Amino acid sequence: MHEHRVTVGLIQTSVSEDLNQNLRKAVSKVEQAIARGAKIICLQELYRMRYFPQWEMRDVFGLAETIPGESTAVFSEMAKKHDVVMIVPVFEKDEAGYYNSVAVIDADGSLQKTYRKVHIPHDPMFYEKSYFAAGDEFQVYDTRYGRLAVLICYDQWFPEAARVVALRGAQIIFYPTAIGWIVGEENPEEGDWRDAWVTVQRSHAITNSVCVAAVNRVGLEDGQNFWGGSFVCDSFGRILAKASDKAEEVLVAELDLAQNEVVREGWGFFCNRRPDTYWPLIEMVQEKGARGLGSGKKATGKSLSLEDTPRQLGYHMPAEWERHEAIWLSWPYDLDSFPQIEKVERAYVDIIKAIHRSEIVNLLVKDELMLGRVVEMLRDAAIDLSKVKFHQMSYADVWFRDYGPTFVLNREERKGRLAMVNWIFNAWGEKYPELMADSRIPCLMNDDLLLDCFMPGIVLEGGSIDVNGCGTVLTTEQCLLNKNRNPSLSKEEIEAYLKEYLGVRKVIWLKKGIAGDDTDGHVDDVARFVNPNTVLCAYEEDPEDENYQVLKENYELLCQETDQDKGPLKVIKLPMPGFVGKERRLPASYANFYIGNDVVLVPMFGHKNDKAAQKIIQEAFLDRKVVGINCREMVHGLGTVHCISLQQPEQ
């Protein structure tokens, strides 16, 4: 449990040409900070060397070090010996390139995931693109003394970065920096740079209700005079401590982290957000064939109108049993989601083995190490690797159904034309801020696919809808009408969005989802179309089970419903696997199946109803083979086969 109060230390120094001297000086200053009670200590940007990016091209790559490396070895030992958290900015090298990075070391000496500077400037005296590749994700570190984020120098000018890490739970943002006056240009036309530097960071503190600690270097280095001025402010922007603008200094300040929540609740900066209106913030701009995301508009850069929705342009979401070109998956790795990760990986291998001969498998992997391991596992399972397309990118978790796009098809085109709808993903009502980074996955996918892309500007996950491909969609009130999704929209307005962006004419509203479901009632655990007028509906036979009444009500509602043409629906009961889980109930449902081109993948839970469910689903798909997938361990992540997968329709 984190204490409400924590003392932070910032190390502001001048820098010489001698790397080892700079290291020794940093160690000495850190010891001073420790002696004064600091528990989280941050060094300045590129602490070990002079600021070389003031020259556009110099051979400085011999100065770079690895992580782990010399700096991390020294400060890991100090962290462990003194029970302090260390933030160590270095010029990093690895086999792929060079980065402006930060190593975060927890109080036990353990090295956390490296943060690499995301925003890279390239301006006179700040020619960083000549030296550093950009990072691709922000990090929040759950350390012994609090949850912190580190953003490096130029990152501090971007409010989006501060908001992202705050939403992910950061209590303190550290900004290691190297900034100063360009010699001879101390009075620039636009105004006081130093005042702007302090102001923008204080504003991040206020608008995000987080504490901010900015540490800068000091002294003259050739063409730049670094102004120091390191400071610490609380979550309402009040400066608690400020360093000299000319001298080296160890700045120490105590922070009251409990104030963060007081400010946040009192001013409503988070609870009154309107993410449904923020879609222009993530508009993608490309030189050729720009794929910007607009309110219902494919990316042409033109103004938008109602006629630009998928429905008005002839698109609709096809049923899942229609032909696929591919399936999208992300390889599992998170032990918090999947404590028995090896068994979950085995399930993934079984899924890919069953599906890969009839549709391409697009598989996300995080890095080269994971890629090599996955290739070996698939090869051992006699899987044809020519049918698997690997995409190396960063992702937080595996729930592709929910953070991926919805594919829509225009059958008026001669060969069929595919597009995507990119909804806002807010991690199921902002329950998991650390997973919200996966909202960028559709844009990264589209770098390869180059599809027209529609942006409705509302929150929606793919698991919350199911269509028959002819004009009807199933959903639940518990999810889509939840105030943690689109609080400003009425039921009628949400229904209008579904019709315009899925190309449907009828919305069937069920009530609630199953027990244990952290998504607030996704319909893909409740009821699924298996042909245009037949629905398999999860049904609990045990009156003592907490799912009994909810599923009975949904079943009875469906029996009274019709399709888009007012034709009756055939509703078939699908049994439930009972209570699955130990300390808590897990959202286990046979309805979470995936319909492939020639197979149907059905989650299995080691329950007596496994075979009965398989039989019912097999009778619904006589032209496909039903394959059971052991999901007893996967469901610990609160989802199974349908949740982790996304079909890409054939054009």
Side-chain angles (χ1 to χ4, degrees), residues 316-332 344-365 374-375 377-391 398-401 404-409 411 415-420 445 448-449 451 462-463 466-470 524 528-532 534 536 590-604 613-631 634 639-651:
H316 76 287
M317 180 182 177
E320 193 167 314
W321 57 82
E322 297 182 52
R323 295 291 297 178
H324 304 169
E325 181 174 325
I327 182 175
W328 288 82
L329 300 165
S330 301
W331 191 261
V344 178
E345 288 180 321
R346 182 69 250 171
Y348 266 70
V349 172
D350 291 343
I351 288 169
I352 295 170
K353 188 175 181 66
I355 203 81
H356 81 291
R357 297 201 180 279
S358 62
E359 51 195 273
I360 293 295
V361 177
N362 282 301
L363 183 61
L364 272 57
V365 293
V374 173
V375 166
M377 293 177 69
L378 299 185
R379 187 178 287 125
D380 289 346
I383 290 170
D384 182 356
L385 293 178
S386 70
K387 303 289 187 181
V388 181
K389 183 177 181 182
F390 295 96
H391 303 264
V398 299
W399 311 115
F400 223 118
R401 178 70 49 180
T406 296
F407 289 103
V408 290
L409 202 58
R411 299 215 181 277
K415 293 183 179 180
R417 186 166 57 129
L418 193 65
M420 66 165 63
M445 292 168 62
D448 282 338
L449 297 174
L451 301 175
D466 192 73
V467 300
N468 69 350
C470 298
D524 65 353
R528 302 287 306 283
F529 278 110
V530 293
N531 66 44
T534 303
L536 296 189
Y590 300 118
N592 206 247
F593 54 81
Y594 175 88
I595 309 168
N597 284 339
D598 61 6
V599 297
V600 180
L601 307 178
V602 181
M604 297 284 101
Q614 274 190 279
K615 183 174 183 294
I616 291 169
I617 296 171
Q618 183 65 79
E619 290 171 351
F621 294 101
L622 297 177
D623 59 339
R624 290 169 168 87
K625 179 183 178 182
V626 169
V627 178
I629 303 295
N630 184 351
C631 290
M634 187 187 296
T640 61
V641 178
H642 200 250
C643 299
I644 65 170
S645 60
L646 178 66
Q647 73 277 8
Q648 178 182 325
E650 187 175 80
Q651 298 200 55

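Since this is a predicted model, take the numbers as computed values, not measurements. The figures that follow rest on heavy atoms only: side chains count, while hydrogens, waters and symmetry mates do not.
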Practice problem: Assess whether side-chain contact (heavy atoms from CB on, under 4.5 Å) is satisfied between Leu418 and Gln648, documenting all intermediate values. | Solution: CA-CA 9 Å; Leu418 193 65; Gln648 178 182 325; 3.9 Å; yes

Self-check item: Derivation and outcome, ring-ring contact (aromatic ring centres under 6.0 Å, His included), residues His324 and Tyr594
Solution: CA-CA 12 Å; His324 304 169; Tyr594 175 88; 5.6 Å; yes

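The two residues Ile644 and Leu329 make their nearest non-hydrogen contact at O-CD2, 3.5 Å. For Ser645 against Ile327, the heavy-atom pair with the smallest separation is CB-CD1, 3.8 Å. The minimum heavy-atom distance between Val398 and Pro332, with the atom names listed, is CG1-CA, 3.6 Å. Closest approach of Ile595 to Glu320, counting heavy atoms only: N-OE2, 2.8 Å. Counting all heavy atoms, side chain and backbone alike, Val374 lies closest to Phe390 at CG1-CE2, 4.0 Å. The shortest heavy-atom contact between Ala382 and Arg357 is O-NH2, 3.9 Å.
Here the straight-line distance linking atom NE2 of His316 with atom CZ of Arg411 works out to 5.0 Å at 0.5 Å rounding. Taking NE2 of His391 as the start and CG of Leu363 as the end, the distance is 8.0 Å to the nearest 0.5 Å. To the nearest 0.5 Å, atoms CG (Asn468) and CG (Asn531) are separated by 9.0 Å. A distance of 8.5 Å separates CG of Leu449 from CD of Glu325, quoted to the nearest 0.5 Å. Atom CD1 of residue Ile355 and atom CD1 of residue Ile360 lie 11.5 Å apart, to the nearest 0.5 angstrom.
Considering only heavy atoms from C-beta on, Val600 stays 4.5 Å or farther from Val627 through its side chain. The shortest side-chain heavy-atom distance between Lys387 and Leu378 does not fall under the 4.5 Å cut-off. Within the 4.5 Å cutoff, no side-chain heavy atoms of Val408 are placed close to those of Met420. The shortest side-chain heavy-atom distance between Arg401 and Asp524 falls under the 4.5 Å cut-off. Inter-residue side-chain proximity for Val344 and Trp331 is flagged as unmet; no heavy-atom pair is nearer than 4.5 Å. At least one side-chain heavy atom of Pro405 sits less than 4.5 Å from a side-chain heavy atom of Leu646. Taking the side chain as every heavy atom from C-beta outward, Ile617 and Phe593 approach each other to under 4.5 Å. Two residues are said to be in side-chain contact when any heavy atoms from C-beta on lie closer than 4.5 Å; Phe529 and Thr534 fail this criterion.
A donor-acceptor contact shorter than 3.5 Å links the side chain of Arg624 to the backbone of Gly596. A donor-acceptor pair is defined here as one N or O able to donate and one able to accept, closer than 3.5 Å; such a pair exists between the side chain of Gln618 and the backbone of Val626. In terms of modelled atom types and a separation under 3.5 Å, the side chain of Lys389 and the main chain of Val361 share no donor-acceptor contact.
Between Arg528 and Asp466, at least one side-chain nitrogen of the basic residue sits less than 4.0 Å from a carboxylate oxygen of the acidic one, meeting the salt-bridge criterion.
Two rings, from Trp321 and Phe621, have their centers 6.0 Å or more apart. Ring-centre distance between His642 and Phe400: not below the 6.0 Å cut-off.
Trp328 and Gln647 share no side-chain donor-acceptor pair at under 3.5 Å. In the model, His356 has no side-chain atom that pairs as donor or acceptor with a side-chain atom of Asp384 under 3.5 Å. Between the side chains of Asn597 and Ser358, no donor-acceptor pair is found at a separation under 3.5 Å.
Looking at residues two or more places apart in sequence or on another chain, you find no salt bridge (Lys or Arg N to Asp or Glu O under 4.0 Å) involving Glu359. Shown here are the salt bridge (Lys or Arg N to Asp or Glu O under 4.0 Å) partners of Lys615, two or more places apart in sequence or in another chain: Glu619. When the salt bridge (Lys or Arg N to Asp or Glu O under 4.0 Å) test is applied to Asp350, the partners found at least two apart in sequence or on another chain are Arg346.
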